[in-house]
Number of protein chains: 2
Amino acid sequence: MTEPLRLGIAGLGTVGAGVIKIVRQKAALLAARSGRPITISAVSARNRDKDRGVPLKDYAWEDDPVALATRDDVDVFVELMGGSDGPAKAATEAALAAGKHVVTANKAMLAHHGQALAELAEAKGRALRFEAAVAGGIPVIKALTEGLAGNEIQRVMGVMNGTCNYILTRMENGGLSYQEAFDEADGLGYLEADPQLDVGGIDAGHKLSLLAAIAYGTQVAFDAVELEGIGCVSIEDIRQAADMGYKIKLLGVCRMTGRGLEQSMTPCLVPATSPLGQLDGGTNMVVIEGDQVGQIVMRGAGAGEGPTASAVMGDVMDIARGIDISTFGQPASTLVPAQAAKATAPAPYYLRMSLVDKPGALAKIATVLGEKGISINRMRQYRHQDDTAPVLIVTHKTTRSALDDALAALPATGVLSGEPVALRIEDV
Amino acid sequence: MTEPLRLGIAGLGTVGAGVIKIVRQKAALLAARSGRPITISAVSARNRDKDRGVPLKDYAWEDDPVALATRDDVDVFVELMGGSDGPAKAATEAALAAGKHVVTANKAMLAHHGQALAELAEAKGRALRFEAAVAGGIPVIKALTEGLAGNEIQRVMGVMNGTCNYILTRMENGGLSYQEAFDEADGLGYLEADPQLDVGGIDAGHKLSLLAAIAYGTQVAFDAVELEGIGCVSIEDIRQAADMGYKIKLLGVCRMTGRGLEQSMTPCLVPATSPLGQLDGGTNMVVIEGDQVGQIVMRGAGAGEGPTASAVMGDVMDIARGIDISTFGQPASTLVPAQAAKATAPAPYYLRMSLVDKPGALAKIATVLGEKGISINRMRQYRHQDDTAPVLIVTHKTTRSALDDALAALPATGVLSGEPVALRIEDV
């Protein structure tokens with residue numbers, strides 16, 4: 001197999017430029033490792049005239065990504081345009097239909113259309129690969145799909161949105177408010193055009209839904225991910241959590257329970273001394289727990305030109321080497337619809353609330369929690385400020401439904417000032 | 001491809017028993033993921049009558065592993081006997097010669113004979129895979145060979161001997177001497193029959209040499225690994241290092257420099273707050289640095305039934321899925337002999353020595369270091385004990401040869417009591 005593997009690249013942002021640089025600068029290394037030359041036949045982007053820091057004159061240009069995807073001289077369509085629908089989806093479908101392999105970094109497209117696209121790839125006997133879509137340069141799709149294929153997966157956790165982790169880290173180490181940290185991240189260009197993709201947890205939720213499909217042999221079920229962004233996290237919560245030995249992370253968790261597949265991407269408390277707790281700044285981390293292997297922790301850059309291009313090239317090299325593996329680790333036709341369950345696994349919770357300055361206020365709160373079957377592990381009341389007293393409670397393990405019942409009953413006590421904050425504590 | 005993939009397993013210790021359990025208990029999962037049943041045809045071990053906690057009656061028994069390896073009903077020979085030569089090597093050669101795939105956990109065999117075995121596998125068009133040989137359950141061979149194939153690898157580091165890390169951790173957190181911690185590990189059954197394989201760094205050095213071959217496209221060069229065990233590490237060094245913000249680890253480092261391939265497995269100081277510094281107990285960690293991906297950290301159990309069997313099954317599943325990849329990531333015939341270099345990359349060093357109670361003693365030491373071109377970053381002298389004073393020095397970056405010159409010149413000062421300790425500080 002010494003025929004060149006010919007790429008067609010659609011989308012020439014930083015990642016596309018990074019892939020071109022690798023192919024150009026490491027031709028000998030790539031050929032030595034894969035046994036065949038990797039070449040680029042054609043490229044496509046919205047603006048032909050933009051300077052991307054890489055020479056494009058050696059490659060055919062296509063204004064239309066669908067035309068690129070179906071060219072006779074393209075073996076692998078590399079989709080780096082982004083967007084769940086539109087040109088990315090149309091070109092991916094066209095590429096697969098034309099018998100091309102597809103490598104994509106597009107988590108949104110796969111979260112929404114992964115099942116249909118995987119079925120199409122399979123029908124055509126072609127690869128649809130997406131290492132770059134999850135946790136940047138960390139080869140986590142490969143680890144989960146291949147390296148740990150002998151395991152029943154018990155839980156997958158991940159901090160997979162570097163922007164959110166940057167904001168939370170800056171709130172903690174810089175004493176910034178959420179808005180201040182958000183503005184700082186925005187000024188650094190860390191935020192997506194629609195910031196809710198980042199801070200609302202949507203981008204990270206997309207990634208989690210892809211990991212869950214591989215881990216549990218289920219069809220991608222992004223709509224069933226319990227999503228909560230980091231906008232609810234205040235500097236007070238970060239400080240109080242730290243004081244009790246925790247950090248707050250936008251943490252993705254998926255696991256299969258007796259009631260079904262749980263997927264959540266929500267702010268959680270994790271022990272400050274755990275690998276997840278120690279993850280500062282824009283770095284990503286994925287933790288995979290298997291019944292045989294125990295806990296595997298993988299950490300690395302979650303975004304950026306080099307790391308994401310590295311992941312794209314990992315998939316390209318697999319295809320060059322003739323490695324053929326189902327998109328989600330087993331034939332798409334055998335993936336079963338996910339039976340979605342939400343937060344059925346009991347967990348301890350962190351509660352923060354403000355109580356008005358009345359005798360017996362704390363007792364009323366404790367009584368409500370007790371009535372709902374929630375027992376208190378730790379409680380702290382701080383001195384009154386402006387006629388209210390901050391109270392922190394860490395519960396023993398309870399269900400989210402019991403907690404929601406309690407939260408619904410608390411206002412009737414008449415001692416609450418404002419809304420309580422409730423965050424799950426994940427045992428990592 | 002729905003024909004079963006039939007295993008023949010030689011070596012029925014904990015790992016062999018673990019593999020049998022996975023194949024028996026997860027038949028449906030393995031078949032769903034690989035697209036074909038995984039079965040066991042035959043097994044072999046030294047003692048047929050030993051109870052291994054798994055039923056063996058369904059499998060043919062072979063007293064001779066070579067006979068097992070060449071059976072007509074075996075597609076994959078799973079070599080779990082261990083030992084660099086003898087039956088393991090004979091059976092592996094026989095299996096490859098007979099056109100079988102081989103999956104092995106045998107780092108010693110590959111460190112000594114990896115090149116010849118890889119060439120044999122290639123000549124026969126069969127796979128020789130060894131994920132289980134390095135860092136237990138961590139899928140690091142796969143990450144380095146496949147996931148990061150688009151990178152030039154700048155450095156690979158690893159804490160890959162859980163026993164050594166256990167001993168060092170117990171010295172630190174239990175205040176034990178090296179001998180006390182060694183005896184504790186021995187009592188827990190953590191040590192190999194020849195403890196030098198562990199504490200002498202040989203086992204970890206084997207692993208490092210395999211990673212280096214993949215990272216740099218070189219033939220395995222275990223003999224060129226700079227090896228130093230942990231027997232030289234004292235509780236004083238651990239305490240002093242901690243006091244300055246470091247931990248001592250048996251750290252493997254390989255990198256390609258202008259002078260050649262450096263491979264070292266030696267006790268090193270690493271920052272206490274780094275992922276490597278925070279690795280306590282028997283856990284393993286491998287850090288891979290690529291020019292595109294930056295730093296990838298992988299952490300997990302480095303030994304034990306489940307983790308090692310998980311790695312074996314990862315390789316078996318690859319073979320079942322038809323994934324064919326060269327043993328060291330590129331054809332064995334293209335691997336070049338390693339030009340070995342030792343410690344040419346400058347690094348800061350930690351020095352601990354005892355000085356006799358004479359005026360000007362410290363000045364004499366500092367003068368010798370200065371004459372050899374070694375500048376001092378930090379120095380601490382402690383109060384005299386028994387007529388000697390402990391002195392700690394952290395140097396700026398220097399070469400090992402300059403340091404060796406200085407160490408050779410120090411005794412002539414007449415102010416040293418005993419041998420100085422010199423440990424490299426690895427910038428992680």
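Residue numbering restarts at 1 for every chain, and letters A, B, ... go by the order of the sequence lines. These numbers come from a predicted model, not from an experiment.
- At a 4.5 Å heavy-atom cutoff, the contact between A:Ile296 and chain B is made by backbone and side-chain atoms alike.
- Of the atoms belonging to B:Asp291, it is side-chain heavy atoms, and not backbone ones, that fall under 4.5 Å from chain A.
- Here the closest heavy-atom approach between residue A:Arg321 and residue B:Ala149 is recorded as NH1-CB, 3.8 Å.
- Most heavy-atom pairs under 4.5 Å with chain B: of the set A:Val312, A:Thr145, A:Ile38, A:Val23, this distinction falls to A:Thr145.
- A:Ser310 approaches B:Asn151 most closely through the heavy-atom pair OG-ND2, 2.7 Å.
- Note that the CD atom of B:Gln295 and the OG1 atom of A:Thr283 stand 9.0 Å from one another [nearest 0.5 Å].
- At a 4.5 Å heavy-atom cutoff, the contact between A:Ile325 and chain B is made by side-chain atoms alone.
- A:Met298 touches chain B through backbone and side chain together, each having a heavy atom under 4.5 Å away.
- Chain A forms more heavy-atom pairs under 4.5 Å with one residue of B:Ala301, B:Gly294, B:Pro307, B:Gly304 than with any other, namely B:Pro307.
- Listed by sequence position, A:Gly137, A:Ile138, A:Pro139 are the residues of residues 130-139 of chain A in contact with chain B, using a 4.5 angstrom heavy-atom cutoff.
- Of the listed residues (B:Gly147, B:Gly300, B:Gly18), the greatest number of heavy-atom pairs within a distance under 4.5 Å of chain A belongs to B:Gly147.
- Contacts of A:Asp324 with chain B are made by backbone atoms alone, with heavy-atom separations under 4.5 Å and no side-chain atom involved.
- In terms of heavy-atom pairs under 4.5 angstrom with chain A, the leader among B:Met313, B:Lys21, B:Gln330, B:Arg33 is B:Arg33.
- When each of A:Pro331, A:Ala311, A:Gly150, A:Ser326 is scored by its heavy-atom pairs under 4.5 Å with chain B, the top score falls to A:Gly150.
- Looking at A:Lys26, only its side chain comes within 4.5 Å of chain B, counting heavy atoms on both sides.
- Heavy-atom distances place both the backbone and the side chain of A:Glu152 under 4.5 Å from chain B.
- Listed options B:Ala143, B:Ala309, B:Ala32 were ranked by heavy-atom pairs under 4.5 angstrom with chain A; first place goes to B:Ala32.
- Contacts of B:Leu148 with chain A are made by both backbone and side-chain atoms, with heavy-atom separations under 4.5 Å.
- No donor-acceptor distance shorter than 3.5 angstrom exists from the side chain of B:Arg299 to the backbone of A:Val297, with no hydrogens or angles considered.
- Considering only heavy-atom pairs separated by less than 4.5 Å from chain A, the leading option among B:Gln292, B:Gln278, B:Met317 is B:Gln292.
- Expressed to the nearest 0.5 Å, how far OG of B:Ser34 lies from CD of A:Glu146 amounts to 12.5 Å.
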